[in-house]
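Presented below is the structure to which this report refers.
Values below: every heavy atom of this structure, side chains too, minus hydrogens, waters and symmetry copies.
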Amino acid sequence: MKGKYNWLRMWRILSFAFSVFIRVYWYRIFKKSQSEREKLWGNIGQEFRQTLFELEGLLIKVGQFLSIRADLLPTSFINQIQDLVDQVPASPWEEINLVLEREWGGPIEDILASIDSKVVASASIGEVYRGKLKDGTKVAVKVQRPEIRSIIRTDFRSLAIIIWFADHFAPVPKGFINFKLLFQELKTVIEREVDFIKEMETIIHFRQRFQAFPKLHIPKVYPELCTSKVLVLEWVDAVRITEVDFLDRFSIDKVELSQRLFRLFIPQWLEAGIFHADPHAGNVLIKSDGTLVLLDFGMVGEISKKDAMNFQDLIQAIFAKNYSLAVKVLMDLGFFLPDANTKTIEPLFKEALSIDLNQLKEMDLFQVKRDLNEMIKSLPIQVPTRFVFLGRSFVTIEGMLHTINPNQEFLEIAKPAFIDWLKQGNQNKWKLLLKWIQAQPVFQIFHSITDLLETPKRLLEQKERQQQREFYFSIFENQKKQSFFLGVLGGVGGLSGLYMNNTLISQISAVIVGISVIFYVVCSVRQKKWLKNYEKHNSKHF
């Protein structure tokens, strides 16, 4: 029975994915208008959202993952899934009881004094129940959903097929996307989240790392009761940090709270090590005395030492207004496409970041954000796969800060918090000062003269490379369109042959479909090989 369910689930996922591919490609072939494409993606987003809620499991996580990839997906699609909440109906208590007894090797009564069978929180991977130890200590018992591992295996098989298909046949937006790396990143994070022993170790790590942080509480765990499917930690009475009425009732300083919350995450984002990748309001709580409570460390990301140093250099370069260095660091981090020319990007980047904090309140901030988004979209920017969950963490905290304190701009919170972090850490202040001095006009003028003389030549070379790229890319796309049309005609012929019961027409149509598929695959392979060679060739120029 379980196997049949898994196959039906896989069929539902794959049929939806391929229906999306066919519709999108159909719109491209017939060159539908931008408004028609946006409407199509909006409808796809609605269907996708509905499918997620019906199938639950890993797909909710996939939806949350895609909701932060505005660099890859249309806005109308993102708008439909950006507020996805990982909340699903609870499993029957009988099944949860069996999991606990199997993991603890005996009746629950041997371990706990009591446990409430009413679920406190229920997500796609785990469910939380309130319990009490033999000594009367209140605990939270997180139990893995009974069939989640089987569901995840099925979903990963489906996603592997979709990723392979997208990698070989999907028209690539905005440049070269490593679909395989994208899939591997998601798989690594989800597999880690399914293992509660890893989450237990992460909680212990965070408790040690932030033990000196003021007014922060991370619940302690009970390792002797934890298994790969059960996690037991202390119960904490607190509410969501976004409960503004609660903050007002207990006179909690929202400005101070906002800055403290941001200070908590700065070292996670800018220092080497792991960071909390899912800090939504259900995982960041507040107590009546203003103490922050951080929960749920199942989804974490990791920053390497090299990336951490680059991020620190980037922030310092922005505050020192050294935009050439900022662009260089972004290039080193992989945020620009291989054929990007940093010298042509720098003026746009400078314009995007040259906002006077003192004038923010006099501006139409919504218009400023729209202008910045349009400017960023015009740049050859891509989000490296390894930073996707870092971006999710940052964006979630930014939204949380806006809810807590809507009258204070994000930059007003971020800048002093960053400077405090810089003072408290073991950062080289002379290095920051040197970068600021180098950013001054008297030093920049020598570089500017050279750049000015070389700019026309660089622009001409970049234009020629872009034209060449578009020319060859269009050739391959036209060949794929022709094979697609041929396949459609063959399919129509085959259906006609079946309808007329004409074997000859059906056989000829089958041959045509076979030829079109082979031709399409050959064109796709050649296009992929050309893109790889193009990327390798152009990387030598930068």
**Prompt:** Would you find a donor on one side and an acceptor on the other, under 3.5 Å apart, between the side chain of Ser393 and the backbone of His276?
**Reply:** yes
**Message:** Keeping Arg392 on the side-chain end and Ala277 on the backbone end, is there a donor-acceptor pair under 3.5 Å?
**Reply:** yes
**Prompt:** What heavy-atom pair brings Val255 and Asn405 nearest, and what distance separates the two atoms?
**Reply:** CG2-ND2, 3.4 Å
**Prompt:** Does the Ser76 side chain pair with the main chain of Glu38, one donor and one acceptor, at a distance under 3.5 Å?
**Reply:** yes
**Aromatic contact, Phe394 with Trp269 (centres under 6.0 Å)** = yes
**Prompt:** For Ile44 and Phe16, which heavy atoms make the closest approach, and how far apart are they?
**Reply:** O-CZ, 4.0 Å
**Item:** Evaluation steps, side chain to side chain donor-acceptor pair (under 3.5 Å), between Ser150 and Glu147
**Value:** CA-CA 6 Å; Ser150 175; Glu147 302 296 334; 5.0 Å; no
**Asked** Under 4.5 Å between any side-chain heavy atoms of Glu193 and Ile190, yes or no?
**Response** yes
**Prompt:** Looking at Val300 and Arg192, what are the two nearest heavy atoms and their distance?
**Reply:** CG2-NE, 3.1 Å
**Prompt:** Just wondering, do Thr154 and Trp7 contact through their side chains at under 4.5 Å, heavy atoms?
**Reply:** no
**Request:** Determine, for Asp155 against Arg9, whether the closest basic-nitrogen to carboxylate-oxygen distance falls under 4.0 angstrom.
**Result:** yes
**Message:** Is any side-chain heavy atom of Leu330 closer than 4.5 Å to one of Asn310?
**Reply:** no
**Item:** Side-chain heavy atoms of Ile404 within contact of Val244, under 4.5 Å
**Value:** no
**Prompt:** Are any non-hydrogen side-chain atoms of Leu8 and Arg12 less than 4.5 angstrom apart?
**Reply:** no
**Message:** Looking at Gly42, is its backbone amide N or carbonyl O close enough to the side chain of Gln46 to form a donor-acceptor pair, meaning the two atoms are under 3.5 Å apart?
**Reply:** no
**Request:** For side chain to side chain donor-acceptor pair (under 3.5 Å), just list the numbers for Glu54 and Gln50, CA-CA rounded to whole Å, side-chain angles, deciding distance to a tenth of an Å, and then say yes or no.
**Result:** CA-CA 6 Å; Glu54 289 177 5; Gln50 184 61 34; 3.0 Å; yes
**Request:** Check whether any side-chain N or O of Asn283 sits under 3.5 Å from a backbone N or O of Asp278 as a donor-acceptor pair, and report yes or no.
**Result:** yes
**Request:** List the atom of Ser158, the atom of Leu14, and the distance in Å for their closest heavy-atom pair.
**Result:** O-CD2, 3.6 Å
**Message:** Is the distance between the ring centroids of Phe275 and Phe389 under 6.0 Å?
**Reply:** no
**Asked** Short question: side chain of Arg145, backbone of Ser122 - any donor-acceptor pair under 3.5 Å?
**Response** no
**Message:** Give me the atom names and distance for the closest heavy-atom approach of Ala308 to Glu271.
**Reply:** CB-C, 3.8 Å
**Prompt:** Do you know the tightest heavy-atom contact between Ile162 and Ala17?
**Reply:** CD1-CB, 3.5 Å
